[in-house]
Every structure is written in C-alpha cells, then in structure tokens.
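Reading through the structure tokens given below for one structure.
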Amino acid sequence: MVVLSVPELDRISLIRAGNPAARFDALPVVDLLSPDAAATLIEACEEFGFFKITNHGIPTDLMRRLEAEAVEFFSLPPAEKEKSGPANPFGYGNKRIGSNGDMGWVEYLLFSLASKPSSHASVSNSFRSALNAYLSAIRELASRVLALMALGLEMEPIDAISKLVTDEASDGIFRLNHYPTCPVLQGLNCSLTGFGEHTDPQIISVLRSNNCAGLQIALKDERWVSVPPDEDSFFVNVGDSLQVLTNGRFRSVRHRVVTNGSESRMSMIYFLGPTMAEKIAPMRQLMGEGEQSKYKEFTWSEYKKAAYKSRLADNRLRLFEKS
Ligand code: GA4
C-alpha cells in the first residue's frame, strides 16, 4: 500500500495495481423465475453471503430515474451539496465515512427510512419522488427474496424473516454513493479505496450500481474477487444480523469498493434492518436439537450502537460471539 502526498488523497489508501482482484466468475445468480431460485439462494448465502438477482421485474426506468437524480445532485457545486450535510449520521458526506476516521474516495447521501421517508437530506421534489418509487419497489423485492430464503430454509411461516424488515418502524437506511473520477491517479498504476472493507450490520442489503466496476467481495479464504457490474440486476449482501439469525450458517460478506479513478461509479444501496427493539438471536425454527447459540443476546439497538462506535474494517460481530 502506498500513500501519496496529494492533500485530497491524504489518508485514503491506494492499492497498487498489478495485483488486481480476480473476476468473480462463480458469482451466484438467483433467477427469480427459476424453480431453483430458493436452492441457489441458500447455497449462495452459505458460501459467499452474496448473490445477484435477475428477472426481478423492476422496470429499468425506475432505477435510471433515481440514478439521473443522483447524478444531477452530485454535479452541483460543492457548497450546494454541503447544504445537505454533514452526514452525522444522515445527509451528504464527502470522503469521511462514519465518525471514527474512515476515509474513502466517495461522496454520498445517506437517508434514514425509520421515520418519515427521505425527510433528512434536502433534495428536490423530483428526487424525492424517484427515491420513494425506488424504495417501495426494493421493499417489495426484499420481501420476495426473504420469503424465498424462508422457503429454502424450510421455515414457517413464509414471512418469518421478511416480517423483521417490513414493520413500519423497521430501521432501514438508504445510501447513494458516487465514486468520482480521480485525475491525479491517472497514469500512476494504482487503485484507490472508494469504500474500505467492511461487513454490513443489517439483515440484508440490496445494491444496484451503474456499469462501472469496483465492488469486490472477500471469499472464505480471504481472497478478494471483483464483481462484474450489471446495471439491470440487483446484488444482495448478507449482513451481520442475518449471520446471527441463522446461527452462523449464512455468512456476512466482507466487501469493499476499489476505484481506478478513470470512470465514475454510482451505486444505490438499501440496508434493511429490524426495529430497534428486535432481539437478534438465532431463529428457533433453524436450531437443531440441542444446538446452542454462538452469540450473546442483544437487540438491534445495542448492535447498532456498538457498530457506530467501531471502525469500518472492524469485526463487529466478534464483540457478541460467545467465547
Ligand atoms: C456500513 C453499512 C452502511 O453503509 C452504514 C455504514 C455506516 C455509515 O456510513 O455511517 C458505518 C458502517 C456502515 C459500519 C460501521 C460504522 C457505521 C460507518 C462506520 C464506520 C450506513 C451502516 O449502517 O453501517
């Protein structure tokens, strides 16, 4: 790793090119119209904690409309964008991620969905309307995916998992990330950390990006592989909470975004969490005879509080594992 003495790149690690992550050829694809969808999904959650969704039925226009609004927002002059900031924890943020010193080559908008939808950052009416249309479509998609998960796990009722994230008071977060081009990087044969490695604290995260590459996930053997972008599909991450709900059967996936600075990447991610008071513990229906929980008891509120005190790359679940 090298650190350049360019002030704006200070404290953002550069990864030397020459050792690029291999392409993730084994990427599991859950085709929602296929009879194998549930089985593919379960295998993917166990092996990678990550999969792509196709044949989801969400019109491309809906994603494009929100992307266009985001492009417009991020092309405003910095002073205008700063009016929607700082992101502590919601609103516009630039390079600083969280409040514990993490930095990345990224600017973003973070919205809390727990209270009134999209009331936190000041965005235009057309932005808000594109956002709300997108969010309802993703909520529905997440419910279908989580019902498929319950089916694959042979759980009853079928909404046993999805109901955790569909309550009115469920703690959802929405994030729009813009990874700008980086002219000073060009010709340097380096890549830049857009968003440092981490796992998501929630149950699942549903991501859609433009066709610019950058997302990488860590495999079980800790090798990084890069996920081929696909603007027409969605990608799902298993989060820490789902790892606990399945008593470690599913894997919360470590991931990061690396940018080469020559193309700009735009992603939109819906983080689906439970209500604040929800107990995060292995689900009864999934526990075998005499099986013990691998985790101490905690609520989502307790986990979230601990997560927000941590650094991005920390293993947050470790604090809650039984020794
Ligand atoms: C990672 C997943 C989501 O992007 C997020 C992030 C949050 C933030 O950007 O404010 C955190 C990070 C995320 C986990 C640890 C803490 C909190 C930054 C950070 C260093 C919105 C979330 O819920 O947790």
Side-chain angles (χ1 to χ4, degrees), residues 20-64 66-67 134-135 137-155 158 161-162 165 175 177 195 197 199-200 202-240 242-243 245-246 249-258 263 265-272:
R23 197 185 132 102
F24 186 22
D25 286 323
L27 170 64
V29 179
V30 175
D31 172 349
L32 290 185
L33 296 180
S34 157
D36 302 330
T40 310
L41 180 149
I42 301 301
E43 228 180 279
C45 291
E46 290 176 346
E47 184 57 32
F48 304 109
F50 186 81
F51 56 89
K52 166 166 149 170
I53 310 176
T54 60
N55 279 322
H56 44 72
I58 297 185
T60 311
D61 266 9
L62 209 75
M63 321 178 197
R64 294 247 168 91
L66 181 56
E67 186 182 331
Y134 182 84
L135 292 174
I138 300 296
R139 257 182 227 120
E140 221 179 287
L141 175 67
S143 285
R144 280 169 72 197
V145 167
L146 293 175
L148 203 59
M149 191 177 282
L151 183 74
L153 289 168
E154 297 176 13
M155 281 176 88
I158 202 69
I161 315 176
S162 64
V165 300
R175 164 162 229 142
N177 284 331
F195 209 108
E197 62 173 275
T199 60
D200 294 340
Q202 290 81 2
I203 293 181
I204 57 165
S205 322
V206 181
L207 173 142
R208 186 263 174 190
S209 78
N210 65 358
N211 265 336
C212 172
L215 177 63
Q216 302 184 348
I217 69 157
L219 304 180
K220 277 185 177 160
D221 64 8
E222 297 183 358
R223 256 183 324 125
W224 287 99
V225 286
S226 76
V227 178
D230 176 356
E231 63 181 6
D232 297 321
S233 300
F234 293 95
F235 294 89
V236 173
N237 291 335
V238 168
D240 296 344
L242 186 54
Q243 177 172 320
L245 293 170
T246 58
R249 177 165 165 189
F250 288 178
R251 179 169 176 265
S252 172
V253 63
R254 194 156 268 270
H255 55 287
R256 66 184 182 188
V257 173
V258 169
E263 263 180 289
R265 176 178 161 92
M266 191 76 81
S267 62
M268 30 185 101
I269 313 125
Y270 193 155
F271 303 94
L272 293 115

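Only heavy atoms go into these numbers, but all of them, side chains included; no hydrogens, no water, no symmetry mates. All residue numbers in this chain count up from 1 along the given sequence. Here the structure is a predicted model, which is why all the values come from computation and not from measurement.
Among residues two or more places apart in sequence or in another chain, the side-chain hydrogen bond (donor to acceptor under 3.5 Å, both in side chains) test is passed with Asp221 by Arg223. Every side-chain hydrogen bond (donor to acceptor under 3.5 Å, both in side chains) that Asp230 has, sequence neighbours left out, goes to Lys52, Ser233.
Applying the 6.0 Å contact sphere to CD of Glu46 captures more than 12 heavy atoms from other residues, nucleotides or ligands. Heavy-atom contacts from other residues, nucleotides or ligands closer than 6.0 Å to CD of Glu43 number 12 or fewer.
Contact of the Arg175 side chain with the Ile269 side chain is registered, since non-hydrogen atoms from C-beta on lie closer than 4.5 Å. You'll find the side chain of Tyr270 stays beyond 4.5 Å of the side chain of Leu141, heavy atoms only. Side-chain contact check for Ile42 versus Leu153: some heavy-atom pair is nearer than 4.5 Å. Val257 places none of its side-chain heavy atoms less than 4.5 Å from the side chain of Asn177. A heavy-atom distance below 4.5 Å is found between the side chains of Val227 and Ile217. Looking only at side-chain heavy atoms (C-beta outward), Val225 and Phe48 stay at 4.5 Å or farther from each other. Looking only at side-chain heavy atoms (C-beta outward), Ile204 and Val165 stay at 4.5 Å or farther from each other.
Looking only at distances, no side-chain donor or acceptor of Asn237 sits under 3.5 Å from a matching main-chain atom of Ser205. Side chain of Arg265 to backbone of Cys212: a donor-acceptor contact under 3.5 angstrom is found. Side-chain atoms of Ser252 come within 3.5 Å of backbone N or O of Asp240 as a donor-acceptor pair. With hydrogens and angles disregarded, no donor-acceptor distance shorter than 3.5 Å links the side chain of Asp200 to the backbone of Gln202. Not one N or O on the side chain of Arg254 forms a donor-acceptor pair closer than 3.5 Å with the backbone of Glu222.
For the atom pair CD1 of Ile58 and CD1 of Ile138, the computed distance is 4.0 Å after rounding to the nearest 0.5 Å. The CG atom of Leu219 sits 8.0 Å away from atom CD of Glu47, with the distance rounded to the nearest 0.5 Å. Atom-to-atom distance recorded for Ser162:OG and Ile203:CD1 is 10.0 Å, nearest 0.5 angstrom. In this structure, OG1 on Thr246 lies 6.5 Å from CD on Gln243, to the nearest 0.5 angstrom. Atom CH2 of Trp224 and atom CG of Leu215 lie 9.0 Å apart (nearest 0.5 Å). Asp232 CG to Asn211 CG: the interatomic distance, rounded to the nearest 0.5 Å, is 7.0 Å.
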Could you go through the side-chain contact (heavy atoms from CB on, under 4.5 Å) check for Glu231 and Arg64 one step at a time? CA-CA 9 Å; Glu231 63 181 6; Arg64 294 247 168 91; 3.2 Å; yes

As a quick check of understanding, evaluate side-chain contact (heavy atoms from CB on, under 4.5 Å) for Phe51 and Leu41, giving each step before the final call. CA-CA 7 Å; Phe51 56 89; Leu41 180 149; 3.8 Å; yes

Audit row: Glu67, Arg208, salt bridge (charged side-chain N to carboxylate O under 4.0 Å, His left out) steps and yes/no: CA-CA 10 Å; Glu67 186 182 331; Arg208 186 263 174 190; 2.5 Å; yes

List the steps and the verdict of side-chain contact (heavy atoms from CB on, under 4.5 Å) for Ile53 and Leu32. CA-CA 7 Å; Ile53 310 176; Leu32 290 185; 3.6 Å; yes

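Between Ala37 and Asp31, the shortest heavy-atom contact is CB-O, 3.4 Å.
Not less than 6.0 angstrom separates the ring centroid of His255 from the ring centroid of Phe50.
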